[in-house]
Amino acid sequence: MKLGVYSIVLPDYRRKDAAKLASEIGYTGIEWTIGYPDKVFGDGSEWHVSLTNLEEDAPRAKEAADEYGLEIPSLGCSSATDDWDKIKRLMKAAQVMDSPNLRVGSAWFKPELNYNELFDKVVEDYQTIQKMAEDYGVRALIEIHHNSICESAAATLRVVENFDPRYVGCIFDPGNMIYSGRENWRMGIQMLAPWIAHVHAKNVGWFYSEDKGWSVKDMSLEHGQADFKMVFQALKDVGYEGYVDLEDFRGGYCVKPTGTTTEEKLRESYEYQKRVLSELA
C-alpha cells in the first residue's frame, strides 16, 4: 500500500506548497481537490484545482505534483451522475493529470426520497459512465459515504457489482462508515475487493452530551472508532496495493485548522500509518 494525501486537508496551503509539504513528510501521492471555494485566503479562488477553469488548471496541477515527485492516484471531485458535460470534463482532466481514478459519486438519500428509485437511476446512469470511463481510460469511483445510497459496503456492492471493476470502482472510507453503521471490516473489504480502487484514511468517534445528544467528532487515525490496524490487515489480505489518502478534518472542515496544525496532522498520520504497515509486514 502507498500513502498519499487528499489535498482537501490542506486548505491553508497553496497548490505547490501543499505538494511540497506532502512530499517532504514522505507521502508519495496527492489527490487534488477540485472546485472547492477558498475559505482561507479570501481571494475567491477554487482550490486546489479550479473547476471553472479546469482545462487550463489541470496541467498546472500535474506540474506541481511532478515537481515534488508525487503521483495523482485519484481526483477529489464529484458530479451528479447524469451531468454528462461535467463528467466528460473531469475525465479529460484525469487523463491530463495521469490520474487513473476520479470520484463521481452516487446519490444523496433524503427521507422524502425513495431509495429504490435513486438506486435504479444511479445504476442506469453508470451504464453511460462506464462507457465514458472506458473511452477515456480512467475509472469512475463511488465513495462509501454517509447520507448517500452507498453508505455501507453492502449498499455499495449493490451498485458496483453491475459494472466492470476496470472502469467503475469504489473508495473505501472507514471514517464515513462510522457515521451510519458498517459490516465487519474484513467482511466489507472482502465483498468489495475487486472494486476497491482507492481508500480514504479518516477517523471519527461518537460522543454523547446532555445538550447535544449524540454527535460525531473528528479524531486521529489512531484513536477514532475505525480500527485502521484491522482495516490495513484486511486490505493487505485481499491484495490491495493502491493508495490510502489522508482525509483528517480535525480542527475544522475546509478551513485553516485550530489546535493541531495541518503539518502536525500530516506528520502524525504518516508516522502512525507507516508504523502499522511495518508491523503488518
Side-chain angles (χ1 to χ4, degrees), residues 6 8 31 74-83 87 90 101-130 132-133 139-206 214-216 218 224-228 230-235 237-240 242-245 247 249:
Y6 182 9
I8 196 171
E31 176 182 350
S74 188
L75 299 185
C77 50
S78 62
S79 174
T81 56
D82 60 357
D83 191 340
I87 294 171
L90 292 169
N101 304 301
L102 72 157
R103 182 180 62 189
V104 175
S106 58
W108 300 112
F109 180 78
K110 297 179 181 179
E112 65 271 19
L113 302 177
N114 183 284
Y115 163 80
N116 296 301
E117 293 175 0
L118 292 172
F119 172 83
D120 290 343
K121 177 68 164 58
V122 167
V123 171
E124 180 182 356
D125 288 345
Y126 263 88
Q127 301 289 345
T128 300
I129 292 171
Q130 176 170 260
M132 295 172 68
R139 183 164 40 193
L141 305 185
I142 293 173
E143 183 175 13
I144 300 179
H145 205 295
H146 48 288
N147 299 326
S148 78
I149 66 166
C150 295
E151 62 181 6
S152 69
T156 303
L157 180 63
R158 281 205 71 208
V159 176
V160 297
E161 67 182 352
N162 297 282
F163 303 101
D164 187 332
R166 292 177 297 174
Y167 307 114
V168 175
C170 71
I171 302 172
F172 197 83
D173 192 312
N176 284 345
M177 297 163 78
I178 294 297
Y179 276 83
S180 49
R182 63 172 180 86
E183 303 85 353
N184 176 281
W185 295 120
R186 184 175 296 276
M187 183 171 72
I189 287 169
Q190 287 175 351
M191 70 172 72
L192 280 172
W195 291 276
I196 296 176
H198 196 52
V199 177
H200 279 168
K202 173 170 73 255
N203 216 338
V204 301
W206 280 96
W214 288 101
S215 60
V216 175
D218 291 297
Q225 285 181 234
D227 188 332
F228 272 88
M230 294 181 66
V231 170
F232 280 16
Q233 181 67 67
L235 288 167
D237 290 346
V238 299
Y240 180 75
Y243 267 92
V244 178
D245 281 359
E247 190 183 20
F249 290 129

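The analysis underlying the following values was restricted to heavy atoms, covering all of them including side chains, and did not include hydrogens, waters or symmetry mates. This is a predicted model, so every value here is computed, not measured.
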Review point. Sub-3.5 Å donor-acceptor pair from the side chain of Arg139 to the main-chain atoms of Leu102, do we have one?
Key: no

Review point. Closest approach of Leu192 and Cys170, non-hydrogen atoms and distance?
Key: CD1-SG, 4.1 Å

Review point. Between Glu151 (side chain) and Asn147 (backbone), is there a donor-acceptor pair under 3.5 Å?
Key: yes

Check your understanding: So how far is it from Asn184 CG to Met230 CE, rounded to the nearest 0.5 Å?
Key -> 5.5 Å

Practice item. Would you name the heavy atoms of Asp164 and Trp195 that are closest together and state the gap between them? Key: C-NE1, 4.4 Å

Practice item. List for me each residue that meets side chain to side chain donor-acceptor pair (under 3.5 Å) alongside Asp173, sequence neighbours excluded, and say none if there are none. Key: Asn176, His200, Lys202

Point to revise | Gap separating the CG atom of Asp82 from the CD1 atom of Ile87, nearest 0.5 angstrom | key: 7.5 Å

Check your understanding: What class does the angle between the rings of Tyr179 and His146 fall in, given that below 30° is parallel, 30 to 60° is tilted and above 60° is perpendicular?
Key -> parallel

Exercise for review: Any chance you could measure Thr81, atom OG1, to Gln127, atom CD, to the nearest 0.5 Å?
Suggested key: 12.0 Å

Check your understanding: Name the one of His198, His145, Glu143 that satisfies side-chain hydrogen bond (donor to acceptor under 3.5 Å, both in side chains) with Arg103?
Key -> Glu143

Name every donor-acceptor pair, under 3.5 Å, that has one atom in a side chain of residues 104-120 and the other anywhere in the protein, sequence neighbours excluded.
residue : atom : partner : partner atom : Å
Asn114  : OD1  : Asn116  : N            : 2.9
Asn114  : OD1  : Glu117  : N            : 3.1
Tyr115  : OH   : Arg158  : NH1          : 2.9

Check your understanding: Is a donor on one side and an acceptor on the other found under 3.5 Å between the side chain of Gln225 and the backbone of Trp206?
Key -> yes

Point to revise | Counterpart residues, salt bridge (charged side-chain N to carboxylate O under 4.0 Å, His left out), relative to Asp237 (two or more places apart) | key: Arg186

Check your understanding: Does one side chain, of Ser74 or Asn101, offer a donor that lies under 3.5 Å from an acceptor on the other?
Key -> no

**Study point:** Donor-acceptor pair, side chain of Ser148 and main chain of Cys150, under 3.5 angstrom
**Key:** yes

